[in-house]
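When a ligand or atom number is given, it counts from 1 through the structure's own listing order. The figures here come from the full heavy-atom set of this structure, side chains too, leaving out hydrogens, waters and symmetry mates. Throughout, residue positions are numbered sequentially from 1 according to the sequence presented.
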Amino acid sequence: MNVIAINGSARIGGNTETLINTVFDALKDADIECELVQLARADIHGCRACWGCDGTRNCIHHDDAFCEVFEKMKAADGILLASPVYTGNISTALQAVLERAAVVCDMNREAALLSRKIGACLAVARRGGALNTFDTLANFFLLQDMYVVGSSYWPIAYGQMPGDVAHDEEGLTTARKLAENMQHLLRACDHHMGA
Ligand SMILES: Cc1cc2nc3c(=O)[nH]c(=O)nc-3n(C[C@H](O)[C@H](O)[C@H](O)COP(=O)(O)O)c2cc1C
């Protein structure tokens with residue numbers, strides 16, 4: 001079983017990455033393969049509304065990293081979307097990925113590209129907009145016929161400068177619980193598919 005995390009932060013080694021790694025540590029302990037996709041160095045534009053992806057199962061524009069990221073999403077059993085709060089919502093880079101992924105899925109509905117995968121979300125804020133950001137991420141999964149994992153609280157954490165989030169004990173505990181629940185659901189789905 002494998003999980004990919006997409007880090008929407010513009011900062012490598014920032015708070016969002018710390019929170020992802022908290023989830024990854026718990027998943028790896030449970031022998032789940034984890035891969036981190038960083039959008040910080042990627043130059044991904046939004047959907048061009050060309051509808052050229054009808055029947056193609058990926059975007060037809062290969063001029064940036066999107067196609068590669070979407071192939072990883074299709075190949076994963078679980079997807080962890082993580083974003084810092086930027087102006088009250090998810091980062092533009094992650095929005096571009098989700099916008100294009102949603103259109104490709106919509107134009108290829110019969111292929112059920114992300115159906116019944118397991119989705120989890122993380123949001124990191126300095127002060128405001130975390131729940132809004134979490135909602136945006138969760139709504140992507142709900143639109144894609146996926147299962148969304150909960151935790152003991154909404155999986156959000158607080159911090160501004162890199163490393164700050166490591167002091168948000170409640171945020172870290174919530175992330176660990178999220179990992180535990182992801183693991184349970186991944187195993188349950190794997191068992192069901194194999195039965
Ligand atoms: C462009 C930009 C916009 C931001 N907007 C908000 C905001 O609306 N609310 C908030 O609480 N923090 C905001 N922040 C702060 C970040 O969410 C915070 O520093 C977070 O820890 C960054 O995560 P990172 O270390 O993974 O980059 C913003 C930061 C940037 C760079």
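Taking D25 as the reference, nothing meets the side-chain contact (heavy atoms from CB on, under 4.5 Å) condition, with sequence neighbours excluded. In this structure, D164 has no side-chain hydrogen bond (donor to acceptor under 3.5 Å, both in side chains) partners at least two apart in sequence or on a different chain.
T136 and N89 are linked by a side-chain donor-acceptor pair at a separation below 3.5 angstrom, with hydrogens and angles left out of the test. For E35 and N2, the side-chain atoms include no donor-acceptor pair closer than 3.5 Å.
Other residues sharing the hydrophobic cluster of V103, ordered by chain and number and joined by side-chain separations under 4.5 Å: W51, M107.
Side chain of K177 to backbone of Y153: no donor-acceptor contact under 3.5 angstrom is found.
The residues lining ligand 1, counting any heavy atom closer than 4.0 Å, are S9, R11, G14, N15, T16, P84, V85, Y86, T87, G88, V124, A125, R126, R127, G128, G159, Q160.
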